[in-house]
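Inspection log for the structure reproduced underneath, given as structure tokens.
Side-chain atoms are counted along with the backbone in the values below, which use heavy atoms only and exclude waters and symmetry mates.
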Amino acid sequence: RFRACEGMLAGRCADQSGLEFTGTCQNSADEISRPGFSADHMKRRGLQLSRRHQLTFYTASLLLFISGTAWAWANHLDETAQVSDTLRELKPWLLKIHGFSAMAFVLLLGTLLAGHVRRAWHARKNRGNGAFFLIAVSLLTLSGYALYYLGNEAWRNAASQFHLWLGLISPALLVLHIWFGRRATRR
């Protein structure tokens, strides 16, 4: 009975699922929506991203990190009067690339919330580390927004330093999240 309902939930009728259907789907639908159902039957693969999703997410993350680090380095050289004219001309482009990759990163992170994050949360896998990573990304997003809109120079400098240092350690946070996640799903 469950398999026939599974076919119906996938957008097909019971007779299209190739299984014989005897009874109603009400009880099976209740089982599917029951909290912890997916957690009890969770496979390791259900928590991992597809190769394409990984590649896209990691590319956006790398571009975000490289553009931010390159801009911070060029800005430091500019402030100490050690920058060349060519590098000074690249600074606005680095910020544009950083802004675009930040938008792509946040969009891709949003695609993870409905699947990866929700399934892992219900499976009780890597919760603390995942929540910490989401909080760090949220703080990076808010501090980036503050850098764009803050008018007070003292607040802007504080937000800049916070954003820079959290951004510099964010690849380590992502690597730790992946490592702890793989370790948690092996258990």
Side-chain angles (χ1 to χ4, degrees), residues 2-13 16-19 28-29 31-73 90 93-145 148 163-164 166-187:
F2 177 74
R3 290 199 182 276
C5 291
E6 194 174 71
M8 290 177 67
L9 291 174
R12 299 182 307 257
C13 294
Q16 291 175 322
S17 67
L19 301 170
S28 296
E31 290 175 11
I32 292 170
S33 64
R34 185 182 79 223
F37 176 81
S38 60
D40 295 338
H41 295 77
M42 182 63 62
K43 292 183 180 176
R44 181 171 188 247
R45 187 73 206 149
L47 296 175
Q48 291 179 329
L49 304 180
S50 69
R51 289 283 176 208
R52 184 175 53 168
H53 212 151
Q54 284 179 0
L55 180 64
T56 309
F57 186 74
Y58 297 155
T59 300
S61 301
L62 186 63
L63 187 59
L64 185 61
F65 178 74
I66 289 172
S67 62
T69 305
W71 182 87
W73 175 69
L90 279 178
W93 286 103
L94 289 170
L95 273 182
K96 289 174 187 174
I97 293 168
H98 190 66
F100 175 77
S101 56
M103 182 178 58
F105 179 85
V106 170
L107 176 78
L108 289 165
L109 187 66
T111 65
L112 297 177
L113 293 176
H116 174 76
V117 174
R118 184 181 56 81
R119 285 192 303 260
W121 191 264
H122 288 297
R124 300 184 182 276
K125 301 287 184 183
N126 210 13
R127 274 185 171 184
N129 189 277
F132 184 76
F133 183 72
L134 286 174
I135 289 168
V137 169
S138 299
L139 291 173
L140 276 168
T141 305
L142 289 172
S143 61
Y145 181 83
Y148 196 77
H163 189 79
L164 173 66
L166 188 55
L168 287 174
I169 65 166
S170 63
L173 297 177
L174 180 59
V175 168
L176 281 172
H177 174 70
I178 294 166
W179 184 73
F180 280 121
R182 288 182 178 165
R183 208 170 124 218
T185 54
R186 280 190 214 125
R187 292 185 218 160

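When every heavy atom of Ala60 is checked against every heavy atom of Ser101, the shortest pair comes out as O-CB, 4.1 Å. For the residue pair Ser170 and Phe133, the shortest heavy atom distance occurs at O-CE1, 4.3 Å. The heavy-atom pair separating Gly167 from Leu140 by the smallest distance is N-CD2, 3.5 Å. Pairing each heavy atom of Asn126 with each of Asn129, the nearest pair is OD1-CB, 3.1 Å. Minimum interatomic distance between Ser67 and Leu94 (heavy atoms only, all atoms of both residues): CB-O, 3.9 Å.
A donor-acceptor pair is defined here as one N or O able to donate and one able to accept, closer than 3.5 Å; no such pair exists between the side chain of Thr69 and the backbone of Ile66. Side-chain atoms of His98 come within 3.5 Å of backbone atoms of Gly68 as a donor-acceptor pair (strictly under, hydrogens ignored). Judged purely by atom type and a 3.5 angstrom limit, Arg118 has no side-chain atom pairing as donor or acceptor with the backbone of Leu113.
Here the straight-line distance linking atom OG1 of Thr59 with atom CG of Leu64 works out to 12.0 Å at 0.5 Å rounding. Distance check, rounded to the nearest 0.5 Å: CG of Leu95 to CG of Leu90 gives 11.5 Å. The line from CG of Leu134 to OG1 of Thr141 is 10.0 Å long, rounded to the nearest 0.5 Å. Within the model, atoms NE2 of His53 and CG of Leu108 stand 5.5 Å from one another, a figure rounded to the nearest 0.5 Å. In this structure, the separation between CZ on Phe57 and NE2 on His116 is 8.5 Å, given to the nearest 0.5 Å. His163 NE2 to Leu168 CG: the interatomic distance, rounded to the nearest 0.5 Å, is 9.5 Å.
By the neighbour-count criterion of 12 heavy atoms within 6.0 Å, atom CZ of Phe65 is densely surrounded, having more than that number from other residues, nucleotides or ligands.
In this structure, Val137 and Phe105 have side chains that are in contact, with non-hydrogen atoms separated by less than 4.5 Å. Taking the side chain as every heavy atom from C-beta outward, Ser61 and Leu174 approach each other to under 4.5 Å.
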